[in-house]
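First listed ligand is number 1; within each ligand, the first listed atom is number 1. Computed from heavy atoms alone, side chains included, the values below leave out hydrogens, waters and symmetry copies.
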Amino acid sequence: MLTIALPKGRIADETLDRFEKAFGEKFIFEDRKLILEKSGFKFLNVRNQDVPTYVMHGAADLGVVGLDVLEEKEYDLIKLLDLKLGRCKVAFGLRAGEKLNFDKSKITIATKHEKIAKKFFEEKAMAVEIIKLYGSIELAPLVGLCDCIVDIVETGETMKQNGLEVGPTIMESSAHLIANKNSFYAKKDLIFNLKDNIEKYL
Ligand SMILES: Nc1ncnc2c1ncn2[C@@H]1O[C@H](COP(=O)(O)OP(=O)(O)OP(=O)(O)O)[C@@H](O)[C@H]1O
Ligand SMILES: O=P(O)(O)OC[C@H]1O[C@H](OP(=O)(O)OP(=O)(O)O)[C@H](O)[C@@H]1O
């Protein structure tokens, strides 16, 4: 049995589609159920940010999560496979017409991706104030909460519709299959069999 933590929402749905293609069976969570057990797999329906936590503690052998979230958590996990879904980038967002002013004594940034933003500025030895938000990040510069944001960009439409421009990219992200280190060694055959089957349908 392999236990796999999936992030509620679009990435979980697309991952279960890949499993259907690879194993010829439908995998659907019943209404409000957080565990789906079928054909040797136990899927856990968890919050995106919590996926690495379940895997790190061994409550799940595997997980599916964006590189952006992995980078934020800084856990020692094994990256097994790029699932090539949930592709996006983590980038700056600035009020239209403004540029990132690296000469300013202190820049204020609102973001869900605190560590990624912090690391970017530490490498440049720049002072920044980071304001942690949990969603609707694009709102923050519009009401004067910050100078700019660091957020997920896919099409750029959310920023555009909110009068923002996409600034420099910090990192590219896509959803990866990750593994707990102990599980990886204890269940190597099962895990490689799964990886090989899924890989054929990417
Ligand atoms: N517009 C998008 N296009 C493609 N991928 C995206 C997009 N937005 C987010 N992602 C990717 O999907 C992951 C899940 O995003 P989602 O917005 O569902 O979660 P979240 O709201 O950040 O999570 P949580 O529920 O823990 O707050 C992100 O971490 C990122 O890797
Ligand atoms: O570049 P785009 O194609 O417009 O996509 C980017 C948007 O998608 C995500 O938002 P989501 O819908 O997950 O909402 P939330 O993060 O505000 O909860 C992300 O946080 C951006 O706001």
Side-chain angles (χ1 to χ4, degrees), residues 4-19 27-29 32-36 43-57 59-60 62-75 77-96 98 100 109-120 130-143 145-179 198 202:
I4 308 167
L6 298 180
K8 268 180 209 218
R10 63 195 128 194
I11 291 183
D13 296 343
E14 288 179 40
T15 303
L16 291 175
D17 283 348
R18 302 279 197 280
F19 271 78
F27 296 94
I28 300 172
F29 280 97
R32 290 174 193 270
K33 291 245 171 126
L34 299 174
I35 297 180
L36 158 62
F43 294 102
L44 311 181
N45 192 15
V46 313
R47 242 185 114 171
N48 181 40
Q49 313 277 339
D50 294 336
V51 169
T53 310
Y54 277 83
V55 179
M56 183 64 203
H57 291 277
L62 304 173
V64 172
V65 73
L67 283 186
D68 57 318
V69 174
L70 262 193
E71 189 81 12
E72 279 293 301
K73 295 288 179 195
E74 298 175 325
Y75 290 156
L77 299 165
I78 297 174
K79 263 185 254 162
L80 280 174
L81 181 64
D82 181 356
L83 293 171
K84 301 188 171 136
L85 49 95
R87 281 187 215 244
C88 55
K89 57 188 184 182
V90 179
F92 284 94
L94 300 137
R95 286 180 287 259
E98 287 185 9
L100 201 54
I109 295 153
T111 187
K112 204 187 260 186
H113 296 82
E114 263 178 310
K115 289 195 181 139
I116 294 173
K118 197 158 166 250
K119 200 164 148 212
F120 178 89
I130 297 186
I131 299 174
K132 168 85 177 179
L133 292 178
Y134 295 87
S136 300
I137 317 292
E138 292 85 354
L139 175 66
L142 306 180
V143 293
L145 182 62
C146 59
D147 296 313
C148 63
I149 58 170
V150 166
D151 196 21
I152 296 288
V153 177
E154 185 195 10
T155 61
E157 202 50 34
T158 310
M159 286 211 190
K160 192 174 161 202
Q161 290 304 330
N162 289 290
L164 301 179
E165 277 170 11
V166 179
T169 296
I170 303 183
M171 67 174 289
E172 305 281 342
S173 177
S174 59
H176 279 60
L177 185 65
I178 56 167
I198 296 282
L202 296 181

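- Between V55 and L62 the shortest side-chain heavy-atom distance does not fall below 4.5 Å.
- Shown here is K73, whose NZ atom has more than 12 heavy atoms of other residues, nucleotides or ligands within 6.0 Å.
- When hydrogens are left out, the protein atom nearest atom 18 (O) of ligand 1 is R10 NH2, 4.0 Å; that is the closest non-hydrogen contact.
- For atom 26 (O) of ligand 1, the closest non-hydrogen atom on the protein side is Q49 CG, 2.8 Å.
- The shortest N/O to N/O separation between Y134 and ligand 1 does not fall below 3.5 Å.
- If you check which protein heavy atom lies closest to atom 3 (N) of ligand 1, you get E154 OE1, 2.9 Å.
- Ligand 2 is approached by R10 to a heavy-atom distance shorter than 4.0 Å.
- Heavy-atom contacts of E138 reach the following atoms of ligand 2: 21 (C), 22 (O) (cutoff under 4.0 Å).
- The shortest contact between atom 20 (O) of ligand 2 and any protein heavy atom is with D151 OD2, 3.4 Å.
- Tested against L133, the residues I149, T111, L145 include a single side-chain contact (heavy atoms from CB on, under 4.5 Å) partner, L145.
- Relative to atom 5 (O) of ligand 2, the option among K89, E154, H113 with the closest non-hydrogen atom is E154.
- The contact set between ligand 2 and S136, taken as ligand atoms under 4.0 Å from a residue heavy atom, comprises 17 (O).
- In terms of protein heavy-atom proximity, atom 3 (O) of ligand 2 is nearest to T155 OG1, 2.5 Å.
- Put simply, the side chain of E72 gets close to the backbone of I116: a donor and an acceptor are under 3.5 Å apart.
- Every atom of ligand 1 with a heavy atom of I11 under 4.0 Å away is listed here by number and element: 12 (O), 13 (C).
- Ligand 2 lies out of reach of K160, whose nearest heavy atom is not under 4.0 Å from it.
- With hydrogens left out, the protein atom closest to atom 6 (C) of ligand 2 is I152 O, 3.4 Å, a heavy atom.
- R95 contributes no side-chain N or O that, together with a main-chain N or O of C148, makes up a donor-acceptor pair within less than 3.5 Å.
- Between the N162 side chain and the T158 main chain, a donor and an acceptor come within less than 3.5 Å of each other.
- Contacts of I137 with ligand 2, taken as heavy-atom pairs under 4.0 Å, are absent altogether.
- Between the choices D68, L85, T155, the shortest heavy-atom distance to atom 31 (O) of ligand 1 belongs to D68.
- Every atom of ligand 1 is numbered from 1 in the order shown, and the set under 4.0 Å from a heavy atom of I152 is 7 (C), 8 (N), 9 (C).
- The backbone and the side chain of N48 each have at least one atom closer than 4.0 Å to an atom of ligand 1 (non-hydrogen atoms only).
- If you number the atoms of ligand 1 from 1 as listed, the ones under 4.0 Å from a heavy atom of V69 come out as 29 (O).
- Between E154 and K89 there is no salt bridge, since no side-chain nitrogen of the basic residue lies less than 4.0 Å from a carboxylate oxygen of the acidic one.
- Taking atom 10 (N) of ligand 1 as the reference point, the nearest protein heavy-atom neighbour is C88 SG, 4.0 Å.
- Atom CG of L6 sits about 8.5 Å away from atom CG of L36, to the nearest 0.5 Å.
- Every atom of ligand 1 is numbered from 1 in the order shown, and the set under 4.0 Å from a heavy atom of G86 is 4 (C), 5 (N).
- Checking side-chain atoms of S174 against main-chain N and O of G86 turns up no donor-acceptor pair under 3.5 Å.
- Here is the list of ligand 1 atoms found below 4.0 Å of a heavy atom in K112: 20 (P), 21 (O), 22 (O).
- The existence of a salt bridge linking K115 and E74 is confirmed by a sub-4.0 Å separation between a basic side-chain nitrogen and an acidic carboxylate oxygen.
- Counting heavy atoms of neighbouring residues, nucleotides and ligands inside a 6.0 Å radius, atom CZ of R47 does not exceed 12 of them.
- Figure legend: cation-pi geometry between K132 and Y134, with NZ or CZ positioned under 6.0 Å from the six-membered ring centre and within 45° of its axis.
- Annotation: Y54, atom OH; neighbour count of heavy atoms from other residues, nucleotides and ligands within 6.0 Å does not exceed 12.
- In the model, D151 has no side-chain atom that pairs as donor or acceptor with a side-chain atom of H113 under 3.5 Å.
- In this structure, the protein non-hydrogen atom closest to atom 25 (O) of ligand 1 is R47 NE, 3.0 Å.
- T169 places no side-chain N or O within donor-acceptor distance of the main-chain N or O of A91, the cut-off being under 3.5 Å.
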Worksheet item: How far apart are the C-alpha atoms of E71 and K119, what are their side-chain angles, what is the distance that settles it, and do they pass the salt bridge (Lys or Arg N to Asp or Glu O under 4.0 Å) test?
Response: CA-CA 10 Å; E71 189 81 12; K119 200 164 148 212; 3.3 Å; yes
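- Residue-ligand proximity, G66 to ligand 1, at heavy-atom distances under 4.0 Å covers atoms 31 (O).
- One option in H113, K8, R87, K89 has a heavy atom closer to atom 4 (C) of ligand 1 than any other, and that option is R87.
- Counting atoms of ligand 2 from 1 in the listed order, those under 4.0 Å from a heavy atom of V153 are 1 (O).
- Among all protein heavy atoms, the one lying closest to atom 18 (O) of ligand 2 is K112 NZ, 4.2 Å.
- For ligand 2, the polar-atom distance check against T158 finds a nitrogen or oxygen pair separated by under 3.5 Å.
- Within the structure, the closest approach of G9 to ligand 1 does not fall below 4.0 Å when heavy atoms are considered.
- Checking atom 14 (O) of ligand 2 against the protein gives no heavy-atom contact under 4.0 Å.
- Of the options L202, L83, V64, a side-chain contact (heavy atoms from CB on, under 4.5 Å) to R18 is made by L202 and by none of the others.
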